[in-house]
There are 2 protein chains.
Amino acid sequence: MAKLDFSPIADTTRRAEIVALLRRAILTGQLEPGQKLNELRISEQMRVSRAPLREAMRELVQEGILTSIPYAGTFVIEVTAKDIIDAYSLNQVLDEFAIERTWPLRDQRFFDELDRRHEAVKQATRAVDTTRQIETALQLHGLIYEWADNSVLLETWQRLTSRLQMYFALHQRARNEPVPAVDVHETYVALLKGADMRAAQRHAREHIDLDFEELLAYARGLEKRASKN
Amino acid sequence: MAKLDFSPIADTTRRAEIVALLRRAILTGQLEPGQKLNELRISEQMRVSRAPLREAMRELVQEGILTSIPYAGTFVIEVTAKDIIDAYSLNQVLDEFAIERTWPLRDQRFFDELDRRHEAVKQATRAVDTTRQIETALQLHGLIYEWADNSVLLETWQRLTSRLQMYFALHQRARNEPVPAVDVHETYVALLKGADMRAAQRHAREHIDLDFEELLAYARGLEKRASKN
DNA sequence: TCTTGTTAGATTGTCGACAATCTGCTTGTC
DNA sequence: GACAAGCAGATTGTCGACAATCTAACAAGA
């Protein structure tokens, strides 16, 4: 029998589709931080009943991008400068760990996948599709987590990614100028292919720093705006 | 006006209570790994309808201690040796990070709380209440996470804790001999009060190692038993 | 004017029933 | 006997309606 690994068939529940829809709306910034999710309104828009919608919302609450107050409502999480700093500093630690674990497991398939994802980022950059640019950049970055062969680490990263994606998307929406079209991932990819693990770990920090500085500036702006209310 | 900080009132939804009940049943091992949760049966036992039960189950799925297959059912997660290794190795990294962040924030309140939790462990140990012993030990261990002033880190730790608690509980149930009544946390607490951060970080690793070795042996046993089926 | 009590409307939480899907058994055919 | 088709029962997914709770506006009293 031919060795064929089929991918698992799609979740065919409404719930799963609702989760995907809502997540996308939140992570792209269509639903703004602090915004309330009205169950009746959304369920009517999606043409589903409230039951699967509510179950989907529970999932996203646990995923950390929604927050729920009993009898009051479910809201998109607020974004504070501290949240971003916290997420970022944890990300640094996890990156180091992921690189360490992935390092001895790198093989041709890893390098190929690395190139593939790098290419996807470049393509999104050329197309000036900022949402997709963020998505692909995070996917490129996530490869070391997928390769690290640690399911708990991967889960943690995926949760963290949700937030990071949201932060970056908000940042992008806030500033209306187009994103610089330079490729900031070139060195990162090269180092992951190289022989110096420490150098790769060091760069992972500094590399993110670039985007992070801007992100922080954005968050500080939010803080100020919030304190005025 | 007197400065009184009221604690937020308890969640009074059935859902929240169901979550707590189910979580406890899973983390104490009353619900065994792999076991299926029949919605109708459980909802009748709890005298609630399936709606809040299902929402509660979604939360626990996202929390990582249940797993759901559409139209097939929701099950308690299986425990493999690899899962335990993965959780443990991530825990090591997070511990180091948490200690680093907590270190400059230690104050009298921290030391008091440390003692309080240490006392709770000793009390549970004397009372030979193994479930409570695990709970209190993890709470003692969790203090550095609560003090690290990083909400994302704390969330991550809480998710990890669920799993660790489950693993330890299973381990305890498997072996019927009573737990040794020695206090393995004495040195840990002393080091957290001391001046040598590196030493504390080092010990955090070795300290857990003790319990971990046993845990791993237990998990390896599970593996063997599973492979025979 | 400020505070407190009341009430109507809107929204969330929960329920019971129905629809969709799966599983295992039975039946029929070769 | 082996195998596929089809059926019955059980279980999960979804729906619409009702109950519990919150919010905001308004009225009454100090």
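Residue numbering restarts at 1 for every chain, and letters A, B, ... go by the order of the sequence lines. Since the structure is predicted, the reported quantities are computational estimates derived from the model, not experimental observations.
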Starting at atom [atom1] of [X], determine the distance to atom [atom2] of [N], rounded to an integer number of angstrom.
X     : N      : atom1 : atom2 : value
A:E39 : D:dG16 : CD    : P     : 15 Å
A:R47 : D:dG16 : CZ    : P     : 12 Å
B:R58 : C:dG13 : CZ    : C1'   : 17 Å
B:I18 : C:dC15 : CD1   : C1'   : 12 Å
B:L40 : D:dG9  : CG    : P     : 17 Å
B:I69 : D:dT12 : CD1   : P     : 12 Å
B:R54 : D:dT11 : CZ    : P     : 14 Å

Option from A:V19, A:I26, A:L21 for which side-chain contact (heavy atoms from CB on, under 4.5 Å) with A:R23 holds: A:V19
Residue whose closest nucleotide on DNA chain D lies nearer the 5' end, A:Y71 versus A:S49: A:S49
Could you tell me which non-hydrogen atom of A:I144 sits nearest to which non-hydrogen atom of A:H141, and how far apart they are? CG1-O, 3.4 Å
The side chain of B:T13 is closest to which nucleotide in this list: D:dT12, C:dT14, D:dT14? C:dT14
Which is true for [X] with a 4.0 Å heavy-atom rule: it touches a base, it touches only sugar-phosphate, or it touches nothing?
X     : result
A:R50 : base
B:R14 : sugar-phosphate
A:L37 : sugar-phosphate
A:L53 : nothing
A:R15 : sugar-phosphate

Salt-bridge criterion met for A:E135 and A:R24 (N-O under 4.0 Å): yes
Is A:E113 salt-bridged to A:R117, going by a charged N under 4.0 Å from an acidic O? yes
Taking atom types as modelled and ignoring hydrogens, do the side chains of A:Y145 and A:D95 form a donor-acceptor contact shorter than 3.5 angstrom? yes
